[in-house]
Amino acid sequence: MENTLVNILSTDANLSLATEKIIQPGYQRSAVGTGIFHLGVGAFHRAHQAVYYDDLLRYPDQLAWGLCGADILPAAKDLHADLQSQDCLYTVLSRDSEREEVRVIGSIKELLFKSDSSLAILRKMSQPEIKIVSMTITEGGYLFDDQSRSVKTSDLNFLHDLAHPEDPKTAFGFIVEALRLRKEAGVAPFTVLSCDNLQHNGDIAREVTVTLARGISPSLANWIESEVTFPNSVVDRITPVTKESDSNYLREKYQIADLRPVVPETFRQWVIEDHFCNGRPALERVGVQMVDDVLAYEQAKLRILNAGHSALGYVGSLRGYQTVGQVIQDPLFEKYLRITIDLEIKPYLKNMEGLDLDDYRNQVIKRFKNPNIQDQLSRICMDGSAKIPKFVLPSLEIAVAEQSQIEGLSLIIASWIVYLKGFDQKGKKIIINDPNANSLQELARAGVNNFINQDLFPKSLKTSGVFKEQVQKYVVSLEMAGVKATLERFNKIHDHFM
Ligand code: CS2
């Protein structure tokens, strides 16, 4: 028995042992090609893009569009070893209040992990079969400064890739070198498809790629500028970190022994600008929205959903909650979130026919309430220095310029500052997970003025007395009166609102 359990996902052959309750790849995996090369096969990619491709591969004329997944960071070593031991198969266990779906995903055909040399990865990326290079490398992986709107050309890894293009360290180094190899061999370039949560993700990917290429070879940079496309895209599916209890549940209820299952919500959305330079899969057949311009979608996603997470994450952690679900079940927090979205975020979003922002806000809040996923606040609160400038500051900048209300948004920044001091309101230690943790913590302790004067904040906020005052007011309130009283006061001022 134990053997059967352990083996179910261990090879392709054993897939047939799975019960019919489990959705399986409805196609011959041996016939799948690798038209897509994807950098970063973490949980989000496996819960999102890989699932769309798994749907797509059911169409016989789409079999070329399987995935070769790759990772270049040492942290992914064990993940790759585990997935390799399962023939790149894994389970998606998705849940909402009404349903649960268990599905084995087969769209990842091949996996490459950069151990010592970059060669195998570069060789694969330069094969004519690869038509698209996509990536989920997190918000912080873009070597792009949000405030100066320029490439971080003094970043050590960027400098490394300039000096050693044949053995790159960054995703962009790999992209540039692979494109150089293709150009040299007379192979058509690939489309670069960013799948991370930043506004204009494709435009930024282009700027970083071209800037790096220009430092290596101006003619290569010109070729990339004229031949390669970088569509902007919006990706969405809440994917909590998988816990041991999730794996145990799969094992007990479905007899699936999977070392790397993912456990997202049932909702998923993918919107892509239809600019592909070397062909593309028929993603519209599987629910992907192919559009001319993603701006309205990306603003709504980043400023309502992602900023909504930040709004609940820091203040919720200070109150001692562990998951988004717990926080939003508390009416104080839901009201605070609704007010902030409606008065301080929504008024500045681009309107678009077919995108009803009230519906969108309601849907997001319903998703946050999903009782059957456990989305950890620690996941939401990590990497604040990369997320806050992309999720929260754009709304704040506009609201300050318009001299409108910024109470709720200032409270997000205040709660981040208090969080960074490292203790919740009961004195329990908070572990700060951010590449800039040390300097952020130091600045948080040095006071609101010093905190806001750091490079992370745009000039318009650094010089706004009102903004600093509001943040100061809420830091004091959170620290002296506590989270509950602070939110009660905030909500009371807006009592007419709900
Ligand atoms: C979250 C996102 O990291 C965060 O702060 O807001 O990971 C969010 O869950 C995804 O963007 C959902 O698509």
Side-chain angles (χ1 to χ4, degrees), residues 40-52 92 94-96 134-142 146 194-201 232-242 262-272 287-289 294 297-317 321-328 333 337 340-341 345 360-361 363-370 372-395 409 412-413 415-416 419-420 432-435:
V41 287
F44 181 71
H45 168 71
R46 284 179 289 127
H48 188 268
Q49 301 108 67
V51 178
Y52 283 98
V92 176
S94 53
R95 291 164 164 163
D96 58 29
S134 55
M135 56 188 162
T136 41
I137 54 173
T138 78
E139 294 80 28
Y142 277 73
D146 295 299
S194 163
C195 301
D196 282 291
N197 287 316
L198 51 166
Q199 199 173 333
H200 312 311
N201 55 12
N232 293 305
S233 80
V234 180
V235 288
D236 194 4
R237 188 169 207 183
I238 294 173
T239 308
V241 177
T242 306
V262 287
V263 290
E265 61 179 338
T266 50
F267 176 94
R268 60 187 152 104
Q269 185 180 32
W270 196 3
V271 192
I272 312 177
V288 178
Q289 293 159 266
V294 296
Y297 297 99
E298 69 186 1
Q299 281 190 354
K301 161 79 198 321
L302 297 167
R303 298 188 197 173
I304 294 183
L305 185 141
N306 295 114
H309 265 158
S310 306
L312 300 178
Y314 296 111
V315 81
S317 300
Y321 288 129
Q322 303 289 325
T323 66
V324 174
Q326 289 169 354
V327 184
I328 193 81
F333 287 73
L337 181 63
T340 305
I341 293 174
I345 296 175
Y360 187 84
R361 177 246 291 123
Q363 187 189 43
V364 164
I365 290 177
K366 183 163 181 232
R367 290 167 60 197
F368 286 178
K369 286 185 175 167
N370 185 341
N372 292 324
I373 61 168
Q374 307 296 319
D375 197 13
Q376 304 86 349
L377 297 185
S378 54
R379 181 186 84 81
I380 302 299
C381 295
M382 74 187 283
D383 291 349
S385 63
K387 291 175 180 175
I388 294 284
K390 295 170 182 74
F391 303 166
V392 183
L393 301 189
S395 304
L409 294 170
I412 304 180
I413 306 301
S415 61
W416 184 35
Y419 177 93
L420 285 170
I432 310 297
N433 196 344
D434 190 305

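Order of appearance sets the numbers: ligands from 1, and atoms from 1 within every ligand. Since the model is a prediction, treat every value here as computed from it, not as a measurement. In what follows, every heavy atom counts, from backbone to side chain, and hydrogens, waters and symmetry copies are set aside. Numbering of residues begins at 1 and proceeds along the displayed sequence.
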Check your understanding: With only distance considered, is Arg367 within less than 3.5 Å of ligand 1 through an N or O on each side?
Key -> no
Atom 7 (O) of ligand 1 sits nearest the protein heavy atom Arg379 NH1, 2.8 Å
| Should the pair Glu265-Arg367 be classified as a salt bridge under the 4.0 Å nitrogen-to-oxygen rule? | yes
Using side-chain heavy atoms (C-beta onward) and a distance below 4.5 Å, is Trp270 in contact with Cys195?
yes
*asked:* For the residue pair Lys301 / Asn197, report whether a side-chain donor-acceptor contact shorter than 3.5 Å exists.
replied: yes
Closest to atom 1 (C) of ligand 1 among protein heavy atoms sits His309 ND1, 3.3 Å
Quick look: Met382 vs ligand 1, heavy-atom contacts under 4.0 Å, and the answer is neither
Within the structure, does Arg237 bring an N/O atom to less than 3.5 angstrom of an N/O atom in ligand 1? yes
Of all protein heavy atoms, the one nearest atom 8 (C) of ligand 1 is Asn306 ND2, 3.5 Å
Any heavy atom of Asp236 under 4.0 Å from ligand 1? The part involved is both
Here the atoms of ligand 1 under 4.0 Å from any heavy atom belonging to Lys387 are 3 (O), 4 (C), 5 (O)
Any side-chain heavy atom of Gln299 within less than 4.5 Å of one from Gln199?
yes
Is there a side-chain contact between Phe44 and Val235, using heavy atoms and a 4.5 Å cut-off? yes
Shortest non-hydrogen pair, Asn370 vs Arg95, comes out as ND2-O, 2.8 Å
Per side-chain contact (heavy atoms from CB on, under 4.5 Å), His309 is matched among Val324, Ile304, Val364 by Val324
Item checked: Close approach, Lys301 and ligand 1, non-hydrogen under 4.0 angstrom -> yes
